[in-house]
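To keep things clear, I will list the structure first and then write my remarks on it.
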Amino acid sequence: MLDIRLFREKPDYVKERLATRGGDFAALVDEVLSIDKDRRAAETENQKLQSDRNRISKEIGFAKKQGNDTSAIEAEVRGIGDRIAQLGKEAEALDVKQRELMLGIPNLPHEACPIGHSAEENPEVRVWGEKPEYAFTPKDHTVLGAEHGLFDFEAGAKITGSAFVVYRGLGAKLERALINFLLDLHTTEHGYTEVGVPFLVKADSLVGTSQLPKFEDQLYRCDRDELYLAPTAEVPVTNLHREEIVKLEQLPIQYAAYTPCFRREAGSAGLGTRGLIRMHQFDKIELVKITTPEASMEELEKLTANAEKVLQKLGLHYRVIELCTGDIGFGSAKTYDIEVWAPGQNGYLEVSSCSSFGDYQARRMNLRFKDEKGKNTFCHTLNGSGTALARLYVALLETYQQADGTIKIPDALKPYFGKEVIG
RNA sequence: GGAGAGGUGGCUGAGUGGUCGAAAGCGACGGUUUGCUAAAUCGUUGUAGGAUGUAAAGUCUUACCGAGGGUUCGAAUCCCUCCCUCUCCGCCA
């Protein structure tokens, strides 16, 4: 959520920054300001009446103690009470409306975020490694998976539906090996604390990290218990500190978590036609940081480097791109995407998206710290995949396939997988 | 799922209708004193809004005692609903 005071003080700046995302937010900003003005007027009047009532009620208390008759004055206050109730309702309605609108307004892109209209304008930041060369035509991971019996889409479809998969045998073990390898890497080399969190979350948590109210369609919901399946560990992990005032010495807080992620992918064309690349359920290691405003940009660089380390250790070619203002996510102020090369796809796959949200999420979830002067200040929140598993799995199979049809396991993973080769 | 107990400020913990935003203690911060890994003493110490005003401050005011609703001139206190925690029982990986 954005700061309403910024709207009041610099409405043109807010409109201008929002416009870089594409679309016209000017009317919406004006509407919010208009409601804000009415809301404050109603509140001010209401508070004046409340003040009157408090004063007179005290007088009644005194009078009664002295045994005086107070029925006349009580009747008068009763009238004030009615007006307070009415004005209170008006102010409440305006407040609800204002909050609703504010929750639907995306974050302002950071000044450092490149201006652009769409994904085509995302600048490439750096490239690591090179596209591997093969003396044969590299196979798609679905072919490799079928040949070695690693995973089974038909079984997934039978027990749940399309775009769900069952891993089997070494295929299942490879997934587990990756999870352990990644968690160990981030906790022992990068200073993150591992957390195991619930996969089901309440609506408040989703509002906090800005999946709700705007992206309800993308979420699996359990109506009976008013819970949602987490679409990313960002939700339960960042919300660990919702409604808290953390100590300055605690920052930066750094968490790493493994969770499955559940996404309805409503409106996605071609879902299920590309193997493991886009699934309704996939595993992910998520990195979350909570920092001071001063440190957040530097921490974003570190976070991205931590995610890149995964691909470096596994010897996978990748590139880092920076998302332009027209392509960054709803709550993000600045985002790097890491894309790994998948030879069987002859293309790059997004395996990590590392973002700084500034204080946007922190405002939504009321997450603050006490600064040097003892003032409560909103934290900055960041997160990034470190990394998504299914696509990493795809890149791994496709990159390390051999002419004889076997698949090599990179050195870093061998201790976790227990074998040097599949097949 | 059943029975009981309970949720008050950073913590402990008083407070059952009116000068209660809330005693006391602890902690923290500041001062004084003494002096040595400390004690004594005095003071300060919640959050979020609104109005006014500003260089900053200040002043006035509202709300908040788990959440929401109700009764009342007036609610931490009475009533209702819900949430959470603890203990015991049941069930269970």
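Throughout, a chain's letter reflects where its sequence line sits, starting with A, and its residues are numbered from 1. Because only heavy atoms are used, hydrogens play no part in the values below, and waters and symmetry mates are left out as well, while side chains stay in.
- Here A:F330 pairs with A:F215 under the ring-ring contact (aromatic ring centres under 6.0 Å, His included) rule; sequence neighbours left out.
- Separating the CD1 atom of A:I84 from the C1' atom of B:rU61 is a distance of 13 Å, rounded to the nearest angstrom.
- By the ring-ring contact (aromatic ring centres under 6.0 Å, His included) test, A:Y348 is found to be paired with A:H317, A:W341, residues two or more places apart in sequence or in another chain being considered.
- In this entry the distance linking CG of A:N366 with C1' of B:rC64 reads 13 Å, nearest Å.
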Contacts under 3.5 Å, N or O only, protein and nucleotides 76-85 of chain B:
none

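- Regarding A:E59, its CD atom lies at a distance of 18 Å from the P atom of B:rG18, rounded to whole Å.
- Distance check on atom C1': B:rG66 versus B:rA5 gives 16 Å, rounded to whole Å.
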Q | Dot-bracket notation for RNA chain B, counting Watson-Crick and G-U pairs under 3.5 Å, with | for partners on another strand | A | ((((((((.[[[..)..(.....]]]((((((.......))))))(((((((.....))))))).[[[[[..)....]]]]])))))))....
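- Under a 4.0 Å N-O distance rule, the pair A:K313/A:D411 does not qualify as a salt bridge.
- Residue pairs that meet the ring-ring contact (aromatic ring centres under 6.0 Å, His included) test with at least one member in residues 242-265 of chain A, sequence neighbours left out, are A:H241-A:Y255.
- Residues A:I245 and A:F62 each lie close to RNA chain B; by heavy-atom proximity, the contact nearer the 5' end of the strand is made by A:F62.
- Nucleotides B:rG10 and B:rG6 place their P atoms 23 Å apart, quoted to the nearest Å.
- Here the shortest heavy-atom pairing between A:L248 and A:D371 reads CD2-C, 4.5 Å.
- Residue pairs meeting the salt bridge (Lys or Arg N to Asp or Glu O under 4.0 Å) criterion with at least one member in residues 225-237 of chain A, sequence neighbours excluded, do not occur.
- Separating the C1' atom of B:rG21 from that of B:rA75 is a span of 14 Å, rounded to the nearest Å.
- Using a 4.5 Å heavy-atom cutoff, the side chains of A:L6 and A:L108 are in contact.
- Of the residues in residues 1-9 of chain A, A:R5, A:R8 come within less than 4.0 Å of RNA chain B through at least one heavy atom, sorted by number.
- For A:Y228, the ring-ring contact (aromatic ring centres under 6.0 Å, His included) test picks out no residue, with sequence neighbours left out.
- In this structure, A:F378 atom CZ and B:rU47 atom P are separated by 13 Å, rounded to whole Å.
- Of the C1' atoms belonging to B:rC36 and B:rA57, the separation is 41 Å, rounded to the nearest Å.
- Residues from residues 36-46 of chain A lying near RNA chain B, meaning a heavy-atom separation below 4.0 Å, are A:R40, A:E43, A:T44 in numerical order.
- For A:F7, the ring-ring contact (aromatic ring centres under 6.0 Å, His included) test picks out no residue, with sequence neighbours left out.
- Put simply, NZ on A:K48 is 15 Å from C1' on B:rU52, counting in whole angstrom units.
- The closest donor-acceptor contact from the side chain of A:R391 to the backbone of A:I277 lies under 3.5 Å.
- Annotation: B:rU16 and B:rA22 have their C1' atoms spaced 15 Å apart (nearest Å).
- As a whole-Å value, the separation of A:E243 CD from B:rG10 P is 14 Å.
- At whole-Å resolution of the value, CD in A:Q47 and P in B:rU52 are 12 Å apart.
- For A:P231 against A:L219, the heavy-atom pair with the smallest separation is CG-CD2, 3.5 Å.
- Side chains of A:N376 and A:K370: a donor-acceptor N/O pair is present below 3.5 angstrom, by distance only.
- Atom name C1', nucleotides B:rA76 and B:rC64: the rounded distance is 11 Å, in whole Å.
- Contact annotation: A:R55 side-chain N/O to B:rU19 OP1/OP2 distance is not under 4.0 Å.
- Each salt bridge (Lys or Arg N to Asp or Glu O under 4.0 Å) pair with one or both residues in residues 79-92 of chain A, not counting sequence neighbours, would appear here, but there are none.
- Between A:K302 and A:E299 there is a salt bridge, since at least one side-chain N of the basic residue sits less than 4.0 Å from a carboxylate O of the acidic one.
- In this structure, the side chains of A:L316 and A:L392 come closer than 4.5 Å at one or more pairs of heavy atoms.
- As rounded to whole Å, 13 Å separates atom C1' of B:rU47 from atom NZ of A:K375.
- On the C1' atoms, B:rU8 is 37 Å away from B:rC92, given to the nearest whole Å.
- Side-chain contact check for A:Y318 versus A:E339: every heavy-atom pair is 4.5 Å or farther apart.
- Relative ring orientation between A:Y192 and A:H190 is described as perpendicular, the plane-to-plane angle rising above 60° on a 0-90° scale split at 30° and 60°.
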(Q) Please encode protein proximity along nucleotides 65-74 of chain B as a string of B, S and -, counting only heavy-atom distances under 4.0 Å. (A) --------BS
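- Taking atom C1' in both B:rG43 and B:rU47, the straight-line distance is 23 Å, to the nearest Å.
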